[in-house]
Protein chains: 2
Amino acid sequence: MNLKQLSEHLGLSQTTVSRALNGYPEVSDATRKKVLTAARLNNYSPNTRAKGLATGRAWAIGHIIPISTKHEMVNPIFGDFIAGAGESYAAAGFDMTLRLAEDDHIETLYREMAAKRNVDGILVQGPAMDDERVHILQDLGMPFAVHGRASSATTAYNWLDVNNSRAFERATNFLLDLGHQRIALINGLEHMDFAYRRRGGYETALSARGLAIDPQIMRAHEMTERYGYTSTRDMLSQPNAPTAFLVSSIIVAIGVRRAIEEAGLKMGQDISVITHDDDISYFRNGEEIPLFTATHSSVREAGRILAQILIDQITNPTAPPVHRLLEAQLMVGQSTGPAPGRT
Amino acid sequence: MNLKQLSEHLGLSQTTVSRALNGYPEVSDATRKKVLTAARLNNYSPNTRAKGLATGRAWAIGHIIPISTKHEMVNPIFGDFIAGAGESYAAAGFDMTLRLAEDDHIETLYREMAAKRNVDGILVQGPAMDDERVHILQDLGMPFAVHGRASSATTAYNWLDVNNSRAFERATNFLLDLGHQRIALINGLEHMDFAYRRRGGYETALSARGLAIDPQIMRAHEMTERYGYTSTRDMLSQPNAPTAFLVSSIIVAIGVRRAIEEAGLKMGQDISVITHDDDISYFRNGEEIPLFTATHSSVREAGRILAQILIDQITNPTAPPVHRLLEAQLMVGQSTGPAPGRT
DNA sequence: ACAAATAACCAAAGCGCTTTGGAGATTTTC
DNA sequence: GAAAATCTCCAAAGCGCTTTGGTTATTTGT
């Protein structure tokens, strides 16, 4: 059933039917009611492509997932972030259009999407320090919003981020207060903006207490369980082994925990661990007494908010860019305790 | 730049330019070359909506993510599956359109998507035993493919599944051969088709050796780490505690392992564990010696293949439905060993 | 050398919607 | 009671593409 058929069926013009459905005032209440019920009965929904052609709006937001040939890794937070964003999209009637793209084709793809006009805006995830995507999108005049920040960008744009440096500074201080002096950092890849900022927070806290920054107990890598395991195992076997670990993801923290126990030590007693916790739905940390002491921030909530920011920008293109900095909660769990030999 | 502008720029008709770009033969090689370079130079890509309107094809595949209000859980395999499917879509020039939908709105949404014609087909994930989605889609005449099977469906449709019953039967036999007599099952929700089949395999293997099926050591629940932990902890404290665990997901297995170690036992010695392993990219089990003995099957590969099946179906609608049953590999890792007291 | 076939191009219709620019009919204003 | 304003509706253009049904040259067949 299309508009033409529906309007013939009703004995009205397409104009009137269209206006009735879209809530324009030039239609009597009686007619509108008739049109609406007829539409429902006949299961009519306007053809998206025709509507898009006519209005110049795609009613879709693009998410481009970078897929490097080197490490074909899917971000564990991807699903939850998408779920959050999807909630906002669904509420506003937008679809989410996903594309995979190899790292070096992203610019081409952005330009292509802009030319094809099949999305009204783009949501950028996982920005690197010197991320070029921000520049490209600004250049193309395509509305966009970033989950995280790209430090290299000079002009304003929409973003939402967790206060990563503050979170890791607080976590480090928490460990220092417990008497830990050798605190290891198991970070994400440090060309990523969030990881860079986290290291910053860690270093700030150490420096503030006059402690040296020791590259021997600092790692940066893609955040897998195995990475947590191997790097912790290695560091624990060093002569001057750390008594605490600051970890960038709960996935990695699971590996850290495995190495600790395999070494015959007890997490929360012999070794303390604080991890960042994105509140991944299949790995909740926070029920009852959390397993890990963590800097907690819901990535799903982030998706929800950021998607709304982007929708607002699309709806109202002249509004100034919006920034949103979320503070992570420091939640105490079972994985931290006083440094050994200090009761 | 649109077709009209491009054709004016070239001094050709829109017809000729369109045909040149789409590879029709009614165009001389010289003209075609001219058109193609001009298109590249001017960064021309046809407007998706206009093209779709004219061809009746959306060049997009729909994925509907059910989001129940009860348990707002995002499937951990979601990301990797999407990544696999996305590879096939990208290669064939299709976009992926995601929508979230609450359980009881799925039918409405399917009908709406069919009416709006903004997807050419739908990929169904996580079918339940009596999944209604298959019926609805068959009813709507919308091409679709299912990851898994819906046992209730009577007529043929496209699906790809892992041989779950065979996998769990083999895994159970493997444990039995090691001398284990008390084997616990930590399954997914058993109204889900895959979980039902896995239990079938487990029970078949036990029955074949004349062993009783004991509900005391069988659990079914949403597959979180916490679920693995609590159910294992409970079962280990039972009088006649199991010596082996058969687990439905590596996420759950991590929780199982936590409970085992917390009880002061050693996985692979005191207690054996076999888990199903979907080869999730951030939690690889298989490097060097796998942590867990596992029934292994790549969900990313599954996404890749199934997406291709759906594309084929869309391209060639009269072809008969395709079924594909993948066998899981039984990979031996560190988590299994002979039953205690049996060297 | 002439009809038939082929090559290379084009004008215009059509996909299903929104929106502009009216046109009657009814109500309000003075 | 005539002019103005307000309602309620409609015909037709336009969004950017594909495709049908030509037309005009150029080759081919005999």
Side-chain angles (χ1 to χ4, degrees), chain A residues 1-36 38-39 42-60 93-95 112-120 315, chain B residues 1-36 38-39 42-60 93-95 112-120 315:
Chain A
M1 165 84 47
N2 61 24
L3 223 214
K4 191 176 176 194
Q5 294 166 334
L6 182 63
S7 56
E8 278 168 1
H9 170 71
L10 281 160
L12 287 166
S13 74
Q14 296 189 37
T15 312
T16 304
V17 176
S18 170
R19 296 202 140 140
L21 292 171
N22 292 308
Y24 284 81
E26 306 93 329
V27 159
S28 72
D29 281 355
T31 321
R32 189 190 306 279
K33 202 162 292 175
K34 239 181 291 176
V35 171
L36 287 174
N42 292 284
N43 218 327
Y44 170 79
S45 283
N47 182 307
T48 315
R49 297 194 295 278
K51 183 167 189 160
L53 230 207
T55 56
R57 178 153 292 180
W59 292 104
F94 279 83
D95 282 331
E112 191 184 305
M113 292 190 100
K116 291 169 99 132
R117 317 215 128 273
N118 61 345
V119 296
D120 299 316
T315 315
Chain B
M1 165 87 43
N2 60 23
L3 223 214
K4 190 176 176 192
Q5 294 166 334
L6 182 62
S7 55
E8 277 167 3
H9 170 71
L10 280 159
L12 288 165
S13 75
Q14 296 189 38
T15 310
T16 304
V17 176
S18 170
R19 296 204 138 139
L21 291 171
N22 291 309
Y24 283 80
E26 306 92 329
V27 160
S28 73
D29 281 355
T31 318
R32 188 189 306 279
K33 203 162 289 173
K34 240 181 290 174
V35 171
L36 287 174
N42 291 286
N43 217 329
Y44 170 79
S45 283
N47 181 307
T48 315
R49 297 194 296 278
K51 183 166 189 158
L53 230 207
T55 57
R57 179 152 292 180
W59 290 106
F94 279 83
D95 282 330
E112 192 185 305
M113 292 190 100
K116 292 170 100 134
R117 318 216 128 271
N118 61 346
V119 296
D120 298 316
T315 316

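Chain letters run A, B, ... following the sequence lines, proteins first and then strands; every chain starts at 1.
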Nearest of D:dT8, D:dG14, C:dC9 to any side-chain atom of A:Ala54?
D:dG14
Write down the atom of B:Arg49, the atom of A:Leu53, and the distance for their closest heavy-atom approach.
NE-N, 3.5 Å
Convert the base pairs of DNA chain D into dot-bracket notation, remembering that pairs crossing earlier ones are written with [ ] and that bases paired across to another strand are shown as |; include only Watson-Crick or G-U pairs under 3.5 Å.
||||||||||||||||||||||||||||||
Looking at D:dC15, D:dT19, C:dC10, which one has an atom nearest to any side-chain atom of B:Ser18?
D:dT19
B:Tyr44 side chain near D:dC17 phosphate (N/O to OP1/OP2, under 4.0 Å):
yes
Nearest nucleotide by nearest heavy atom, which residue falls closer to the 5' end of DNA chain D, B:Pro46 or A:Ser13?
A:Ser13
Tell me which one of A:Leu36, A:Leu10, A:Leu12, A:Val17 satisfies side chain to side chain contact (heavy atoms under 4.5 Å, CB included) with A:Thr31.
A:Leu12
Nearest whole angstrom, please: distance from the C1' of D:dG16 to the CZ of A:Arg117.
12 Å
Short side-chain N/O contact from A:Asn47 to OP1 or OP2 of C:dC15, under 4.0 Å
no
Is any side-chain N or O of B:Thr16 closer than 4.0 Å to OP1 or OP2 of C:dC10?
yes
Any donor and acceptor pair, going by atom type alone, linking the side chain of B:Arg117 with main-chain N or O of A:Asn47 inside 3.5 Å?
no
Return the value, rounded to whole Å, for the distance between atom CD of B:Gln14 and atom C1' of C:dG14.
13 Å
Select one nucleotide: of D:dC17, D:dT18, D:dC9, the one nearest the side-chain heavy atoms of B:Ala50.
D:dC17
Distance, nearest 0.5 Å, that separates NZ of B:Lys51 from NZ of A:Lys116
7.0 Å
Rounded off to whole Å, could you give me the CH2-to-P distance for the A:Trp59 and C:dC17 pair?
16 Å
For B:Glu8 and B:Gln5, indicate whether the former's side chain and the latter's backbone hold a donor-acceptor pair under 3.5 Å.
no
Nucleotide C:dT20, atom C1' - distance to CD of A:Glu26 in whole Å
11 Å
Measuring only between side-chain heavy atoms, which start at C-beta, is A:Arg19 closer than 4.5 Å to A:Thr15?
yes
Taking every heavy atom of A:Pro25 against every heavy atom of A:Arg32, the minimum-distance pair comes out as CA-NH2, 4.1 Å
Residue A:Asn2, side-chain heavy atoms: nucleotide from C:dC15, C:dG16, D:dT19 that is nearest
C:dG16
Protein-nucleotide distance (B:Leu21, atom CG; D:dG16, atom C1'), rounded to Å:
13 Å
What is the distance from CG of B:Asn22 to P of D:dG16, rounded to the nearest Å?
17 Å
Among side-chain atoms of B:Asp95 and A:Asn118, is any donor-acceptor pair under 3.5 angstrom?
yes
Distances for protein N/O vs nucleotides 4-6 of chain C N/O pairs under 3.5 angstrom?
none

Which one, D:dG16, D:dT19, C:dC17, comes nearest to the side chain of B:Leu53?
D:dG16
Any side-chain donor paired with an acceptor under 3.5 Å for A:Ser13 and A:Thr16?
yes
If you restrict it to nitrogen or oxygen atoms, what contacts under 3.5 Å exist between nucleotides 21-27 of chain D and the protein, and what is each distance?
none

Tell me if a side-chain donor or acceptor on B:Asn2 pairs with a main-chain N or O of B:Lys4 at a distance below 3.5 Å.
yes
Check B:Thr48 against B:Ala58 and note the closest heavy-atom contact, atom names and distance.
CG2-O, 4.5 Å
If I take atom NZ in residue A:Lys116 and atom C1' in nucleotide D:dC15, what distance separates them, rounded to the nearest angstrom?
18 Å
Distance in angstrom units between A:Asn118 CG and D:dG16 P, rounded:
15 Å
Counting C-beta onward and ignoring hydrogens, is there a side-chain heavy-atom pair between B:Leu3 and B:Ser18 closer than 4.5 Å?
yes
Does D:dT19 have OP1 or OP2 sitting under 4.0 Å from an N or O in the side chain of B:Tyr24?
yes
Indicate yes or no for a side-chain donor-acceptor contact from A:Arg57 to the backbone of A:Gly52 under 3.5 Å, with no hydrogens or angles considered.
no
